[in-house]
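So that we are looking at the same thing, I have put the structure below in structure tokens.
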Amino acid sequence: MEGLDVGDSFTMTYHDNNGDHTKKFTISGMWDGYGDEKVFYVSKSFFDESGFTLEDYGRGFLYLKFKSAIVTQKTQDNLEQSLRLDKKQRFLITADTATSVHIFLGLIGLIFVTCLSVYLLIYNILYLSVSGNVRYYGLLQTIGMTEKKVYRLVQKQMLFIGAIGIAVGMLAGVATSFGLIPAVVKMLGIREDYQQHPEKYSSFLVGIDEQQFQALNATLEQPVDEADFLSGNACILYTNWLRLDKTKTIGKPISFYLDGQDDQMFQMTIQGTTEDTYYANLLGTTPTMIVSDRFVRGIVEHPYVSKVSVQYQEEYDEATEKDIMGMMEASTYQKDFDYNSKIEAMKEVKEA
């Protein structure tokens, strides 16, 4: 794919639920952001012809946009219930949508207070300006100025004051819009909503075995106590690109409960953080909790395997990787496999 751009065509052999196919494709766009470089985006009609369905695990994400920007909690709950999701499917609401009602009410309050303040300010300025010069206006009429001319004089003074007020107001409005309002909206929205409804902010619990823990622990700045981790007393957080202050995170207790089991609360200590994207589940969600698989099997009745990590005895062993790839291709479940190769990643880094 190197050297191709939008509008170029290429021929590719791919496998779907109906077998192997070779077809010519034209590139209509390219995604330059972060993500898997092996993903091709196609039309829904093309996907429907592949024999796969959106209900198949890992086959697709359904993005829904509400018609209204303000979505109540009842509407969110009704939508989730109508989707009838199974255990392997997840319903996520963006933070802006989840707190849209709180944000809207906060903005209404800010607009009301702002308009009231502006009205009182303008009224007082005009009142003081006119009342303080009543005798002056009377003297002007005494020496021959007509009422119409006095009115024009007051009008010019008001325009002058108004121009100054508009300039100051615009500067104050910019400062409020980019400084005060975002801070207030954030305080009224996400923080307050999280304190009152922490159950809406879900995450993923990822279990790893002892060997994988040792490999991960070797990459951490502060190694995690193995006994605490394997016993379920400690966890590692995948930060999911959030800027967490390690000094305020590591060593802190974290409480959680499983979906649908809010009567049983679990607690453990955060002993480390990692940014290894191998442990990512969905971009833009809360941090992932990495715990011992022994602990997961003890609290989850039917856990499912989402990823398998293969550690080579010899690092970057291409022969071993070739054997593993051969095993996957020979499997009857080859269409269900997806993999990330550190050898390929290393080659890409060298080329870069």
Side-chain angles (χ1 to χ4, degrees), residues 1-5 10-15 20 27 30-41 57-59 204-227 229-230 234-244 246 250 271-283 285 287-294 296 303-352:
M1 301 295 294
E2 185 177 357
L4 296 181
D5 204 343
F10 65 96
T11 301
M12 181 179 69
T13 300
Y14 63 94
H15 179 88
D20 295 328
I27 302 175
M30 288 188 175
W31 166 247
D32 295 328
Y34 295 101
D36 192 349
E37 296 180 351
K38 300 177 182 178
V39 174
F40 291 84
Y41 295 93
Y57 176 67
R59 290 300 173 191
F204 292 88
L205 192 67
V206 177
I208 59 177
D209 60 16
E210 184 175 352
Q211 185 176 6
Q212 191 172 356
F213 163 75
Q214 293 173 354
L216 174 60
N217 202 27
T219 65
L220 303 181
E221 296 180 4
Q222 300 179 6
V224 176
D225 185 270
E226 185 172 352
F229 183 85
L230 296 179
C235 70
I236 302 172
L237 286 187
Y238 165 66
T239 58
N240 209 354
W241 299 100
L242 295 178
R243 297 180 179 178
L244 300 179
K246 294 183 180 180
I250 297 178
Q271 288 195 10
T273 61
T274 179
E275 297 179 358
D276 189 345
T277 55
Y278 171 79
Y279 300 98
N281 284 281
L282 287 176
L283 294 177
T285 58
T288 298
M289 291 182 59
I290 305 172
V291 299
S292 167
D293 62 345
R294 185 190 311 170
V296 174
Y304 66 91
V305 178
S306 62
K307 296 180 181 179
V308 175
S309 176
V310 180
Q311 303 289 336
Y312 298 169
Q313 291 182 349
E314 181 181 345
E315 193 173 15
Y316 300 112
D317 187 349
E318 295 189 14
T320 301
E321 180 161 295
K322 184 177 180 181
D323 293 339
I324 295 175
M325 293 293 297
M327 293 171 58
M328 289 193 297
E329 292 175 358
S331 172
T332 55
Y333 300 99
Q334 60 171 307
K335 63 182 180 180
D336 297 322
F337 288 127
D338 185 24
Y339 72 94
N340 290 317
S341 170
K342 289 190 175 182
I343 294 179
E344 292 183 2
M346 178 191 66
K347 292 179 180 179
E348 292 177 359
V349 171
K350 285 184 177 181
E351 291 177 357

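The structure presented is a predicted model; accordingly, all values stated were derived computationally and were not measured.
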Please report the C-alpha distance between Val291 and Val206 in whole Å, then the side-chain angles of each, then the deciding distance to 0.1 Å, and finally whether the side-chain contact (heavy atoms from CB on, under 4.5 Å) criterion is met. CA-CA 6 Å; Val291 299; Val206 177; over 6 Å; no

Are the side chains of Thr273 and Ile236 in touch, meaning some heavy atoms are under 4.5 Å apart? no

Is any side-chain heavy atom of Phe204 less than 4.5 Å from a side-chain heavy atom of Met289?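 Not touching, per the 4.5 Å side-chain cut-off.
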
Between Ile343 and Glu321, what is the shortest heavy-atom contact and its length? CD1-OE1, 3.6 Å

Can you find a heavy atom in the side chain of Phe229 that is under 4.5 Å from one in the side chain of Ile208?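 Result yes, sub-4.5 Å side-chain heavy-atom pair found.
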
Going by the rule side chain to side chain contact (heavy atoms under 4.5 Å, CB included), which residues pair with Asp293 if we only count those two or more places apart in sequence or in a different chain?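 Per chain and number, Asp293 pairs via side chain to side chain contact (heavy atoms under 4.5 Å, CB included) with Asp209, Arg297.
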
With heavy-atom distances below 4.5 Å as the criterion, would you say the side chains of Ile290 and Leu216 are in contact? yes

Heavy-atom distance under 4.5 Å between the side chains of Thr320 and Glu314, does that happen here? no

Look at the side chain of Asn217 and the backbone N and O of Val224, then say whether any donor-acceptor pair between them is shorter than 3.5 Å.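 Indeed, once roles are kept as given, a pair shorter than 3.5 Å links the two residues.
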
Does the side-chain contact (heavy atoms from CB on, under 4.5 Å) test come out yes or no for Leu237 and Thr274, once each step is laid out? CA-CA 6 Å; Leu237 286 187; Thr274 179; over 6 Å; no

Looking at Gln271 and Asp225, would you say the former's side chain and the latter's main chain have a donor-acceptor pair under 3.5 Å? yes

Indicate yes or no: at least one non-hydrogen side-chain atom of Tyr238 is less than 4.5 angstrom from one of Pro287.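 Tyr238 does not reach Pro287 side chain to side chain.
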
Does some side-chain heavy atom of Asp276 sit less than 4.5 Å from a side-chain heavy atom of Thr219? no

Residues which pass salt bridge (Lys or Arg N to Asp or Glu O under 4.0 Å) with Glu221, listed by chain and number, not counting sequence neighbours: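 Partners of Glu221 by the salt bridge (Lys or Arg N to Asp or Glu O under 4.0 Å) criterion, ordered by chain and then number, come out as Lys246.
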
Flag yes if more than 12 heavy atoms outside Glu226 fall under 6.0 Å of its CD atom; otherwise flag no.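 Enclosed.
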
Would you say that Glu318 contacts Lys322 through its side chain, given a criterion of any heavy-atom pair below 4.5 Å between the two side chains? no

CD-OG distance between Glu210 and Ser292, expressed to the nearest 0.5 angstrom: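 It is 8.5 Å, given to the nearest 0.5 Å.
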
